[in-house]
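Values below: all heavy atoms of this structure, side chains included; hydrogens, waters and symmetry mates excluded. Numbered from 1 within each chain, the chains take letters A, B, ... in sequence-line order. As the structure is a prediction and not an experimental result, all values here were calculated from the model.
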Amino acid sequence: MNQPQKPIHFALTTPLYYVNDVPHIGSAYTTMAADAIARFHRLQGKNVLLITGTDEHGQKIQRTAQSQNIEPQQHCDKIAARFDDLWQKLNIQYDRFSRTTAPKHEKIVKEFFERVSNNEDIYLDRQQGWYCVSCEEFKDERELTSEKHCPIHTNKKAEWRDEENYFFRLSKYQDRLEHLYATRPDFIQPPSRRNEVLSFVKGGLQDFSISRINMDWGFPIPVNPEHTIYVWFDALLGYVTALLDPEDDPTLEKALKNAWPINLHLIGKDILRFHAVYWPAMLFSAGLEIPDRVFGHGFLTKNGRKMGKTTGNTIDPFDLVDRYGADAVRYYFLKEIEFGQDGDFNENRFVTVLNADLANDLGNLLNRTLGMAKKYCQAQVPDLTGEAIATDNPLKNQGIAITPKVIQAYEALNFTQACEHIFDLIRACNKYIDEQAPWSLYKQKQQDRVEQVLYAVLESVRLSAYLLAPIVPDLSQKVYQQLGFSADFNNPTCLNEQLQFEQHSAWGILPPKQVLQKAKPIFPQLELSEE
RNA sequence: UGCAGCGUAGCACAACGGCAGUGCGCCUGGCUCAUAACCAGGAAAGUGUGGGUUCAACUCCCAUCGCUGCAACCA
């Protein structure tokens, strides 16, 4: 028998990214945030399931593949691999990579469709109108430009379509959705996004089409193979398929057995409606529970301007990681951009922020302190414990105070605030060293005081690194290593065995006389590199 | 056009109706343990604009300008 699995305590998803093109910075942003949240929960000893993946069906994919003279599946495989590459580079620890072209996914979609259909929520109707292939959507005539071009894809002409489609009876769920929003005010976050959804729903819901005709890259509608299931109905269910263990039969029952409902869907604000309106309605129809929370984060700009391939104003995530490293990229986007709001990427600012926080405030702090420990304490942690440090020691007090604040910030997905609390402590350490001037105390032969000071600083650095680990795991790892720990923040087993939260999130646990390693800059100062 | 939000030092953000703060940058000084680092002091906004309520307004109200988001199937 297999060992009984620990139940999932926290399941979260990124979107299943559309494989129309190689991953862009927006996908990376969502995924970095998701990974930080996942790591935060794992740090607390929870069994976490982080789901990401790719959405691979639709006419756009079909046509893209065609234009390159390859099979759609070949194209999908190629692009999906690129996503995975980027996640490796960014040190993303996902648990499931769900692809909508997976055979087991088809089974799940079919079963789900039948449930919804049996509930009489699917019907056939005629749809006429202008269709943008790039959006895979029907457009209102008034939305289009005078040349009948889609407003989003201004280089593409919309096509006139007159076809029969299957529709999902979204309108039926108007009341239940409104009740959901009213009774669970935290379901949609942040509040500004919630308001948008509320006002949208208040305007009255119309049924939406869930199939396309004349398109074969996708799953056929079970009752009518002439029709292909439209991307959203298919893609959202990828979250369910992802829950299947490898040995499971692909049934809804199996999929939902241990991690349903999902605790958090993390998405960009552009796909909020699908997750906050369509998705819960689909789940209502199928009789499934609703996820706990949907968080729509903001969009990124570059140098204050909208990003876009047509304007050439883009950020290549691969290039950014290659030039600056995963921790730097993760830190900038999570700390420097308020999560939920739009934010800007500016390379100048990127470099100054990283140098100020990671190289100078934190990196140099560790470096200078280890230097003193080597000179004054034989490269060992002073023979003290946290308890031996005076109760009025400012670092001790601040160290004790920050953990609950940081936890709260992480739980609210407020990475900026979590970092700010941590860096308050780090800056306090630098100030404390200056005030205490251990080098003078040493010359005055006040060894006891030197040791008190260094212990308090080393321990505060340790705590800071521990609390930063969800955001900059490799950096935290280096700090811990130099402080004489062997545990690895990237290794889940270590988290449970050597880095337990109750112990390491407390101030004062640095083991007396632990042998310190050689000081080596954990984060070298960056220089603004040429693009 | 309708609904929502935003507009605060050079930049990015903060401020239960009660002395407008923080980080980056800038100037001056200090220190020497340290990654030209760190610490201290300073210059710099009177809060888009015009009214109103109040003993007191960045905060509440009205108007106005500017920007952003949403308004049916777009990461």
Side-chain angles (χ1 to χ4, degrees), chain A residues 14-18 20-21 23-30 55 60 127 132 134-140 143 150-153 167-168 170 191-210 230-233 267-274 277-278 298-300 304 306-307 335-338 341-344 346 348-349 351-353 355-376 416 420 423-424 427 429-442 450 453-454 457 519-525:
Chain A
T14 73
L16 302 190
Y17 301 106
Y18 205 51
N20 190 45
D21 204 348
H24 52 75
I25 194 72
S27 318
Y29 181 46
T30 320
D55 172 15
K60 202 165 19 169
Q127 181 158 35
C132 171
S134 293
C135 297
E136 310 213 23
E137 281 171 20
F138 282 93
K139 295 285 173 183
D140 251 17
E143 276 187 80
C150 163
I152 299 167
H153 303 94
F167 281 77
F168 172 69
L170 180 65
S192 56
R193 298 283 151 220
R194 177 173 184 264
N195 290 340
E196 281 174 19
V197 172
L198 256 45
S199 78
F200 170 77
V201 172
K202 203 171 149 201
L205 293 173
Q206 293 171 23
D207 299 343
F208 69 97
S209 64
I210 59 163
Y230 170 62
V231 285
W232 277 110
F233 200 84
I267 54 169
K269 64 186 185 182
D270 53 326
I271 52 173
L272 182 63
R273 188 190 306 144
F274 303 103
V277 183
Y278 294 15
F299 268 19
L300 304 171
K306 242 180 203 157
M307 286 194 268
K335 141 80 190 347
E336 196 61 14
I337 291 167
E338 198 81 35
Q341 296 183 248
D342 288 352
D344 189 49
N346 173 283
N348 211 24
R349 189 168 145 215
V351 168
T352 40
V353 163
N355 282 345
D357 290 0
L358 301 186
N360 300 346
D361 285 351
L362 174 58
N364 181 54
L365 171 64
L366 175 66
N367 199 247
R368 68 194 298 210
T369 311
L370 285 177
M372 289 187 276
K374 186 178 175 191
K375 283 184 199 170
Y376 311 146
T416 303
E420 261 160 25
F423 275 86
D424 280 347
R427 290 187 198 101
C429 287
N430 278 316
K431 184 183 169 77
Y432 183 70
I433 293 177
D434 256 54
E435 284 169 355
Q436 299 298 316
W439 50 90
S440 302
L441 295 173
Y442 183 72
V450 170
V453 170
L454 293 186
V457 174
K520 190 175 163 228
I522 53 168
F523 191 91
Q525 292 228 359

Please tabulate, for side-chain N and O atoms in residues 195-205 of chain A, each donor-acceptor pair with protein atoms closer than 3.5 Å (sequence neighbours left out).
| unit_1 | atom_1 | unit_2 | atom_2 | d |
| --- | --- | --- | --- | --- |
| A/Glu196 | OE1 | A/Arg193 | NH1 | 3.1 |
| A/Glu196 | OE2 | A/Arg193 | NH1 | 3.0 |
| A/Ser199 | OG | A/Glu196 | O | 3.2 |

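Toward the 5' end of RNA chain B, the nearer of the two residues A/Ala356 and A/Gly371, judged by each one's closest nucleotide, is A/Ala356. Nearest-nucleotide positions on RNA chain B place A/Asn355 closer to the 5' end than the other of A/Asn355 and A/Pro15.
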For this session: Might you work through the side chain to side chain contact (heavy atoms under 4.5 Å, CB included) test for A/Val457 and A/Met372, ending with a clear yes or no?
Result: CA-CA 11 Å; A/Val457 174; A/Met372 289 187 276; over 6 Å; no
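For A/Asn195 and B/A4, the shortest distance from a side-chain N or O to OP1 or OP2 is not below 4.0 Å. For B/U35, one of the phosphate oxygens OP1 or OP2 lies less than 4.0 angstrom from a side-chain nitrogen or oxygen of A/Asn367.
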Seminar exercise, completed: Intra- and inter-strand pairing of RNA chain B, written as dot-bracket with Watson-Crick and G-U pairs under 3.5 Å and | for the latter, reads (((((((..((((....[..)))).(((((.......))))).....(((((..]....))))))))))))....
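Heavy atoms of A/Phe299 sit under 4.0 angstrom from at least one base atom. As judged by a 4.0 angstrom heavy-atom cut-off over every strand, A/Ile522 is placed among the base-contacting residues. Base engagement by A/Leu205 is indicated by at least one non-hydrogen atom pair under 4.0 Å involving a base atom. Residue contacts for A/Asn430: at a heavy-atom cut-off of 4.0 Å it reaches the sugar-phosphate backbone alone, with no base atom in range. Counting non-hydrogen atoms under 4.0 angstrom, A/Gly363 reaches a base of the nucleic acid. Base engagement by A/Pro521 is indicated by at least one non-hydrogen atom pair under 4.0 Å involving a base atom. Nucleic acid contact for A/Thr352: sugar-phosphate only, since backbone atoms but no base atoms lie under 4.0 Å from a heavy atom of the residue. Among the atoms of the strands shown, none is found under 4.0 Å from any heavy atom of A/Asp21.
Between A/Arg193 atom CZ and B/U68 atom P the separation is 14 Å, expressed in whole Å. What separates CG of A/Leu365 from C1' of B/C39 is a distance of 13 Å, to the nearest Å. Between the P atom of B/A75 and the CG atom of A/Asp55 lies a distance of 8 Å, rounded to the nearest Å. For the pair A/Leu358 CG and B/C38 P, the interatomic distance rounds to 12 Å; values are reported in whole Å. Rounding to whole angstrom units, NZ of residue A/Lys374 and P of B/C33 are separated by 14 Å.
In this structure, the side-chain contact (heavy atoms from CB on, under 4.5 Å) partners of A/Asp361, at least two apart in sequence or on a different chain, are A/Asp357, A/Phe423, A/Ile426, A/Arg427, A/Asn430. Evaluation of the side-chain hydrogen bond (donor to acceptor under 3.5 Å, both in side chains) rule for A/Asp342 yields A/Lys269 as partners, not counting sequence neighbours. With sequence neighbours excluded, the residues forming a ring pair (Phe, Tyr, Trp, His ring centres under 6.0 Å) with A/Phe233 are A/Phe112, listed by chain and number. By the side-chain hydrogen bond (donor to acceptor under 3.5 Å, both in side chains) test, A/Tyr29 pairs with no residue at all, sequence neighbours left out. Here A/Tyr432 pairs with nothing under the ring pair (Phe, Tyr, Trp, His ring centres under 6.0 Å) rule; sequence neighbours left out. Under the rule for a salt bridge (charged side-chain N to carboxylate O under 4.0 Å, His left out), A/Asp207 has no partner lying at least two apart in sequence or in another chain. Under the side-chain hydrogen bond (donor to acceptor under 3.5 Å, both in side chains) criterion, A/Thr369 pairs with no residue, sequence neighbours left out.
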Quick test: give all pairs of protein nitrogen or oxygen and nucleotides 8-13 of chain B nitrogen or oxygen below 3.5 Å, distance rounded to 0.1 Å.
| unit_1 | atom_1 | unit_2 | atom_2 | d |
| --- | --- | --- | --- | --- |
| B/A12 | O2' | A/Arg349 | NH2 | 3.3 |

Pairs under 3.5 Å (N/O, protein and nucleotides 26-32 of chain B):
| unit_1 | atom_1 | unit_2 | atom_2 | d |
| --- | --- | --- | --- | --- |
| B/G30 | N2 | A/Asp434 | OD2 | 3.3 |

Could you list all N or O pairs between the protein and nucleotides 40-45 of chain B that sit under 3.5 Å apart?
| unit_1 | atom_1 | unit_2 | atom_2 | d |
| --- | --- | --- | --- | --- |
| B/A40 | OP1 | A/Lys431 | NZ | 2.7 |

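B/G46 adopts a syn glycosidic conformation, its chi angle falling within 90° of 0.
With B/A75, B/U35, B/G23 as the candidates, the nucleotide lying closest to the side chain of A/Arg427 is B/G23. Nearest nucleotide to the side chain of A/Ile433, out of B/C33, B/A75, B/U35: B/C33. Considering only side-chain atoms of A/Ser27, the nucleotide from B/A75, B/C38, B/C24 that sits closest is B/A75. Residue A/Lys375 has its side chain nearest to B/C33 when only B/U35, B/A75, B/C33 are considered. Closest to the side chain of A/Gln525, from the set B/C24, B/U35, B/G69, is B/U35.
Although no hydrogens or angles enter the test, the distance criterion places no donor-acceptor pair under 3.5 Å between the side chain of A/Thr416 and the main chain of A/Glu336.
Going from the C1' atom of B/G18 to that of B/U59 covers 11 Å, rounded to whole Å.
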